[in-house]
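The structure appears below as structure tokens.
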Protein chains: 2
Amino acid sequence: MKLEKITKRPRGACKDSSARRYDDACGAAHALDLIGERWALLVMRELMFGPKRFSDLRADLPGISANVLTQRLERLEEIGALTRRKLPPPAASHVYELTPWGYEIEPVLSVLGRWAARSPLHDPTLPLSAASLMLSFKTMFDASRAKGLNARIGFRIGDETFLVRIHGGKCDAARQALEGAEVVFAGTARAIAAAVYGGAPLAALEAEKALAIKGDRALAERFTRLFPLPQKA
Amino acid sequence: MKLEKITKRPRGACKDSSARRYDDACGAAHALDLIGERWALLVMRELMFGPKRFSDLRADLPGISANVLTQRLERLEEIGALTRRKLPPPAASHVYELTPWGYEIEPVLSVLGRWAARSPLHDPTLPLSAASLMLSFKTMFDASRAKGLNARIGFRIGDETFLVRIHGGKCDAARQALEGAEVVFAGTARAIAAAVYGGAPLAALEAEKALAIKGDRALAERFTRLFPLPQKA
DNA sequence: CGGCATCCGGGAAGATACTG
DNA sequence: CAGTATCTTCCCGGATGCCG
């Protein structure tokens with residue numbers, strides 16, 4: 001039982017120190033060297049609306065383990081995509097924030113999202129984070145359906161608030177106070193997604209207490225129809 | 001010797017069949033479930049200019065192993081991003097070709113490439129495939145530098161030929177015969193990249209026999225300046 | 001030759017427990 | 001709360017062998 005442990009090593013080579021990189025000048029390949037590891041891009045996604053703490057990231061990325069999150073944050077800092085800051089005295093905690101170049105990852109998230117939305121295997125009923133939902137609005141917004149619309153729609157998801165502005169055929173979203181919102185959705189990101197992408201009637205979601213709407217109801221209804229999903233491939 | 005094969009499985013759980021997926025409705029997360037595994041996106045990149053055989057892919061993706069390539073091709077076929085066809089009788093071989101939806105991955109490659117080009121760690125002198133080079137032209141083309149230019153530039157790389165058309169402020173590339181090319185570059189993709197992105201003088205590359213240019217030399221010179229790299233982050 | 005099956009070694013990912 | 005330490009499982013990469 002205590003036999004051949006080390007003896008033979010002629011097979012199963014191990015290209016020494018060359019790590020696991022694509023040695024490829026192609027930009028896409030280099031991007032994968034930088035952020036192609038598991039969870040890396042989703043960590044950046046969660047930071048797209050501003051800094052967060054370690055535990056916020058853990059909570060918003062269900063399934064990631066603490067050690068993997070630590071490794072990804074270290075790597076993202078190493079490549080210059082995020083910075084780690086110490087909060088002022090009251091809180092002895094750290095926050096992680098994307099650098100300007102880090103924020104430029106947004107088009108990658110958009111384009112990947114649009115591509116995957118055409119996948120027959122895509123299941124829009126799975127849970128999602130608040131950041132994912134806000135990004136999906138920016139990604140899936142259909143300007144032609146928002147002709148002449150100028151609105152501020154608020155969202156209260158957990159203890160965060162977001163303001164989505166629709167103005168001049170553009171759709172922008174930010175994590176900020178709800179001042180000036182003509183209507184406010186309060187609920188889980190999943191419930192809001194059910195209304196916008198799943199076609200669930202607002203009244204039904206409210207009846208289930210999954211969603212609460214305050215303000216201009218007609219605007220809320222119209223809002224849910226501004227984000228058509230593409231045809232499946 | 002035929003004992004405990006399954007017996008103990010108390011720790012290091014294995015969430016049964018849930019595999020290693022992000023259970024996340026976010027489009028980007030789903031995209032990573034589909035093509036986030038190592039090499040998957042680069043396999044698609046190599047197919048962007050038309051079908052290839054297994055051995056072509058292996059040759060153009062230095063470092064991939066046969067079993068991994070097999071797995072990736074199976075997965076890409078499973079999700080509907082590519083198809084596997086049998087060639088007509090003379091050749092008993094197979095070719096792999098992207099589906100229309102698979103071809104739509106191009107913006108992902110572009111956007112990733114543009115983002116990574118700003119990375120301080122990006123090394124444009126590494127080797128690259130012909131497909132990568134042609135994609136980089138489409139990605140990095142600067143219309144403002146090509147004002148009034150209308151040209152067909154040919155490339156002979158290994159035993160493949162590509163035609164790049166610059167016309168009306170657009171830049172397109174295809175794997176096809178070189179008919180109508182006003183100038184033809186022949187050499188490795190790396191040598192051509194050295195001229196376009198590394199600023200290497202054409203004369204020097206020709207002197208080293210790394211590159212051969214036939215046709216309109218002035219056009220060749222101008223072509224090399226149409227693809228500026230972005231500022232580093 | 002083309003493509004796949006299989007085995008092996010190493011390392012990354014994941015779960016849990018633990019520390020400041 | 002914010003991570004670190006450790007252990008297990010699984011993926012990746014290389015080599016070899018089979019089969020048409």
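In what follows, chains carry the letters A, B, and so on, assigned in the order in which the sequence lines appear, proteins first and then strands, with residues in each chain numbered from 1. What you see is a predicted model, and the numbers here were worked out from it, not measured in a lab.
- Going from atom CD1 of B:I64 over to atom C1' of D:dC11 covers 14 Å, rounded to whole Å.
- For A:H94 and D:dG3, the shortest distance from a side-chain N or O to OP1 or OP2 is below 4.0 Å.
- Taking the six-membered ring for Trp and thresholds of 30 and 60 degrees, B:F185 and B:F155 have nearly parallel ring planes, at less than 30 degrees apart.
- At the heavy-atom level, B:S65 lies under 4.0 Å from base atoms of the strands shown.
- Set against C:dA12, D:dC1, D:dG3, the side chain of A:R72 has C:dA12 as its closest nucleotide.
- When rounded to the nearest whole Å, the span between CG of A:L42 and P of C:dG14 equals 11 Å.
- Under 4.0 angstrom from either OP1 or OP2 of C:dG11 there lies no side-chain N or O belonging to A:R38.
- Between B:R53 and the phosphate of C:dC1, there is no side-chain N or O to OP1/OP2 separation shorter than 4.0 Å.
- With rounding to whole Å, A:L61 atom CG is found 13 Å from C:dA15 atom P.
- The distance between atom CG of B:L69 and atom C1' of C:dC4, rounded to the nearest whole Å, is 11 Å.
- Nearest heavy atoms, B:P230 versus B:R114: CG-O, 4.4 Å.
- Rounding to whole angstrom units, CG of residue A:L32 and P of D:dC12 are separated by 13 Å.
- Counting non-hydrogen atoms of neighbouring residues, nucleotides and ligands closer than 6.0 angstrom, the NZ atom of B:K232 exceeds 12 such neighbours.
- Taking every side-chain heavy atom of A:F54 into account, D:dG3 is the closest of D:dG3, D:dC12, C:dA13.
- Residue B:Y96 places no side-chain N or O under 4.0 Å from the OP1 or OP2 atom of C:dG2.
- Between the CZ atom of B:R21 and the C1' atom of D:dC11 there is a distance of 14 Å, given to the nearest Å.
- By the 6.0 Å contact criterion, CZ on B:R156 is open, its count of non-hydrogen atoms from other residues, nucleotides or ligands being 12 or less.
- The two residues B:F49 and B:A131 have their closest heavy-atom pair at CE1-O, 3.5 Å.
- A:R58 comes within contact range of no nucleotide atom at all, as no heavy-atom separation falls under 4.0 Å.
- Look at B:W39 and you'll find a side-chain N or O under 4.0 angstrom from OP1 or OP2 of D:dG13.
- With rounding to whole Å, A:Y22 atom OH is found 12 Å from D:dG13 atom C1'.
- A donor-acceptor contact under 3.5 angstrom links the side-chain atoms of B:N67 to the base of D:dG14.
- When distances are taken from the side chain of A:R84 to each of D:dG3, C:dA13, D:dC12, the shortest belongs to D:dG3.
- For A:A66, counting side-chain heavy atoms from C-beta on, the closest listed nucleotide (C:dA13, D:dG3, C:dG11) is D:dG3.
- Between C:dC4 and B:T70, a contact under 4.0 Å exists linking OP1 or OP2 to a side-chain N or O.
- Here D:dC10 presents its P atom at 14 Å from CD of B:Q71, a figure rounded to the nearest Å.
- At distances below 3.5 Å, not a single donor-acceptor pair connects side-chain atoms of B:T161 with backbone N or O atoms of B:L178.
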